[in-house]
Amino acid sequence: MDHLAVSNWMFHCVNASEDGDQPDPPKPVPRPGVKDEETEGQDEQSPEAETPEISPERLARFFG
């Protein structure tokens with residue numbers, strides 16, 4: 001699910017006009033019983049930690 005969301009986001013970023021606003025990157029689907037490394041040690045009621053910035057350049061380097 002996460003890979004499909006990222007690929008759709010990348011497709012939209014590549015095919016959108018350069019002057020338009022780029023959409024925000026998708027957030028991972030929460031999985032029961034799995035804590036995010038950034039939120040580990042925080043209370044359940046605290047706001048979620050910011051996800052690291054994902055840019056098309058970083059994804060291009062990852063998928064190289």
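Counting begins at 1 with the first residue of the sequence. All heavy atoms count here, side chains included; hydrogens, waters and symmetry mates do not.
Other residues sharing a hydrophobic cluster with Leu4 under the 4.5 Å side-chain heavy-atom criterion for ILVMFWY residues do not exist; the residue is a singleton. Val14 belongs to no hydrophobic cluster with other residues, because no ILVMFWY side-chain heavy atom falls under 4.5 Å from its own, directly or through intermediates.
Residues passing the side-chain hydrogen bond (donor to acceptor under 3.5 Å, both in side chains) test with Ser7: none are found, sequence neighbours excluded. For Asn8, there are no side-chain hydrogen bond (donor to acceptor under 3.5 Å, both in side chains) partners two or more places apart in sequence or in a different chain.
Between Ser55 and Trp9, the closest heavy-atom pair is C-CH2, 4.1 Å.
For the pair Arg31 and Asp2, the salt-bridge criterion is met [side-chain N within less than 4.0 Å of a carboxylate O].
Applying the side-chain hydrogen bond (donor to acceptor under 3.5 Å, both in side chains) test to residues at least two apart or on different chains, none of the pairs has a partner in residues 12-25.
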